[in-house]
Amino acid sequence: MNKFPLVAKLNMGKLKGRRETSLVLLILLLLAIVTLRSPGFVSGKNIQRIVNDTSILVMVSLGQFFVILAGGIDLSVGSMIGLSGMAASLMNEANPAIPAIVVLLAGVVIGTALGTLNGFIVAFGKVPPIIVTLGTLSVFRGLTFVLSKGQWVTAHEMTESYMKLPHGNLFGISNLIWWGLLVSVALYYLSNYTRSGREVYAIGGNKTAAKFVGVNERKINMMIFTLSGMVSGLAGVMWTARYAAAVNETATGFELQTVAACVIGGVSIAGGSGAVPGVILGALFIGIINNALPVINLSPFYQLLIQGAIVLFAMLVNTLSSRRRAHKLLQERLS
Amino acid sequence: MGETQSPMKEEPGRKLVSTTRLIDESSLKERLILLFTQWEVILGLLLILVFAYFINITPYFLDAFNLLNTTFTFTEKAVMALPMIFIIMAGDIDISVASIIALSSFAMGYASANGAGTVSLVVIGLLVGLAAGLFNGIFVTKVGMPAIAVTLATQSIFRGIPQAVLGDKAYTQYPASFAYFGQGYVGDTFIPFSLVFFLILALVMGFVLHRTRFGRKIYAIGNAKEAARFSGVNVERIRFINFALMGLFCGIASVLLTSRIGSTRPNIALGYDMEVITLVVLGGVSISGGKGNLFGVLMAIFLVGYLKFGMGLVNLSAKAMIITTGTLLIVAVLLPGFLNTAKSWRKLKRQQQVSPEKV
């Protein structure tokens with residue numbers, strides 16, 4: 001994967017040929033193009049706005065990343081965001097006296113429980129993740145409607161402190177960005193420096209081999225789906241608080257964006273390869289595109305098409321580059 | 001193999017495993033257990049249960065006209081379920097089918113707005129569906145990307161095109177005769193055209209799956225892709241044909257749906273992919289491939305269709321239906337595993353009971 005042969009040659013050693021490097025270059029190129037149309041786009045304030053907009057996507061994509069890494073997929077993240085966000089908002093509406101941080105915690109716990117349910121069915125029912133999460137995608141969404149009785153929770157029904165959760169700021173950076181950073185750092189640590197994290201890679205790489213070296217697949221499956229639910233729960237609270245509204249359709253179709261972020265970030269959909277920084281960059285890439293569309297005068301209705309095309313292209317690049325790598329390895333071995 | 005007696009008599013002092021056939025498979029009880037743990041029979045019982053329940057609580061359920069008319073609401077999904085059986089049977093999946101409908105319907109709407117007649121509309125609808133299926137097929141089999149990945153991307157692309165062009169607008173102008181496909185009846189009867197058409201398609205697809213070499217090859221691929229390849233099955237070609245068929249049938253479904261509702265919006269058929277996959281999996285087709293038959297899916301189609309109809313009659317909300325189908329999907333994939341575990345547990349129990357006295 002080397003789109004800019006000249007530039008990439010300047011980068012030495014490990015940086016060369018890595019997905020993260022080319023993504024950073026691609027993002028810079030994208031920013032440059034948009035800046036030509038609208039010089040204000042790369043101002044510090046706007047950049048912070050884009051990162052803020054993308055923080056939720058970053059969190060949930062990282063949860064999705066672990067599931068895809070193990071060779072699965074979690075299609076229910078959008079519905080988990082919707083359900084836990086709605087539950088937290090209803091709790092906030094019903095009893096404004098409860099501190100916002102407790103409501104936040106409740107949202108995370110609900111998301112975690114939903115994720116654990118997914119993990120339980122996958123791990124103990126031996127059902128493919130795509131089918132389980134396809135089912136819970138509708139079950140969770142339906143439960144959201146049941147819980148809310150079809151009603152919305154609007155801004156004036158939420159407490160000030162609840163809506164402050166993502167909006168408040170620390171050292172001039174919004175809480176939402178801090179949350180995104182916290183999740184990123186924690187999951188980077190999990191993936192690279194813990195036994196469980198490496199076991200996820202092992203399962204995704206070769207399930208049978210992983211089993212023979214003593215990786216407990218059930219435990220890992222429970223962990224990754226619970227994790228995906230946990231970040232979705234956090235994202236649900238942040239989403240409803242940020243937009244000051246809990247609607248029943250919150251985050252419908254969001255699962256595609258999270259998978260897209262992973263794929264653009266170089267995660268193989270077949271599992272076993274990919275890394276946290278790539279996923280974060282992939283999510284930021286999507287965030288920049290979404291924010292750039294109105295600037296270059298394209299209607300938001302183009303978003304779906306552009307996103308789909310980018311995902312297809314990124315997957316094509318992933319497939320071809322991994323094939324080229326395999327080919328190269330084979331030739332090295334033969335010579 | 002179900003005999004209790006082995007021709008070889010037990011020699012004294014030697015235990016022969018073959019003489020201790022643990023479960024007498026020819027007995028009535030065992031036959032009944034075998035029968036009622038068969039997936040199609042369970043579905044049939046469920047269907048009877050649904051009928052009995054709704055007949056009991058509402059007088060409007062058991063009415064020939066109602067029962068026939070309600071098939072309008074699920075024949076499109078039923079048509080899509082047929083090639084989906086092939087796809088899932090061969091171990092693939094296609095989650096772009098609802099978007100193919102949107103794309104095909106959009107093409108028909110565009111053509112109709114530019115004065116195309118009914119026949120050319122149908123041809124356009126089918127061709128666009130086929131083209132979308134070929135697109136998926138090329139990426140899955142020629143480029144070699146996983147089906148879930150390709151169709152996840154094309155899910156956005158195929159629906160993204162109508163959304164980008166139409167935005168929040170819609171095509172609503174269709175020729176009057178175009179309405180026949182999704183709204184018409186056969187002759188002077190109350191039998192919907194779309195139902196008859198679906199049944200014919202089901203017959204054809206059932207024949208292909210269960211009576212042709214092509215069908216047997218699909219089973220072979222689903223059971224062991226590599227083994228099928230080594231025994232001379234052109235795996236990639238068959239998977240490619242499957243995706244092409246899927247596209248074509250989505251085109252057919254799109255004609256039926258567009259004709260029935262008489263308009264094309266970008267969100268047409270949203271969520272159908274999940275429902276179609278549910279039907280197929282509920283029908284007993286194993287998602288890991290190689291298991292199931294078309295008859296089971298047929299049962300599942302009518303089961304879900306009439307369950308929804310009944311729930312609608314007693315004023316249960318659409319959301320309750322969504323929860324029901326989602327739960328059904330999960331239960332349907334969990335249950336065969338449980339049944340198998342229960343069966344082998346029972347066998348083990350028998351073995352433990354029998355062996356001490358024989359020793």
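Atoms considered below: every heavy atom in the structure, side chains included; atoms not considered: hydrogens, waters and symmetry mates. Naming: A, B, ... by sequence-line order, numbering from 1 per chain. It should be emphasised that the depicted structure is a prediction, and the values quoted were computed from it without experimental measurement.
- Judged as a ring-ring contact (aromatic ring centres under 6.0 Å, His included), and not counting sequence neighbours, the contacts of B:F139 are B:F135.
- Heavy atoms closer than 4.5 Å to chain A are found in the side chain of B:I277, but not in its backbone.
- For chain A, the nearby part of B:I148 is the side chain; its heavy atoms alone come within less than 4.5 Å.
- Under the ring-ring contact (aromatic ring centres under 6.0 Å, His included) criterion, B:F338 pairs with no residue, sequence neighbours left out.
- Legend: residues meeting side chain to side chain contact (heavy atoms under 4.5 Å, CB included) with B:A131, ordered by chain and number and at least two apart, are absent.
- Annotation for B:A164 and A:L305: closest pair CB-CD2, 4.3 Å, computed over non-hydrogen atoms.
- Side-chain atoms of A:L312 and B:I157, non-hydrogen and from C-beta on, do get closer than 4.5 Å to each other.
- With a threshold of 4.5 angstrom between heavy atoms, B:I330 approaches chain A through side-chain atoms but not through N, CA, C or O.
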N/O donor-acceptor pairs between chain A and chain B, cut-off 3.5 Å:
unit_1: A:R323; atom_1: NH2; unit_2: B:V143; atom_2: O; d: 2.2

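- Considering all non-hydrogen atoms of both residues, B:A153 and A:M315 come closest at CB-CE, 3.7 Å.
- Both the backbone and the side chain of B:V143 have a heavy atom closer than 4.5 Å to some heavy atom of chain A.
- With respect to chain A, the highest number of heavy-atom pairs below 4.5 Å among B:L152, B:I93, B:L166 belongs to B:L152.
- Two residues are said to be in side-chain contact when any heavy atoms from C-beta on lie closer than 4.5 Å; A:I269 and B:M145 fail this criterion.
- Proximity to chain B (any heavy atom under 4.5 Å) is shown, for A:I131, by both the backbone and the side chain.
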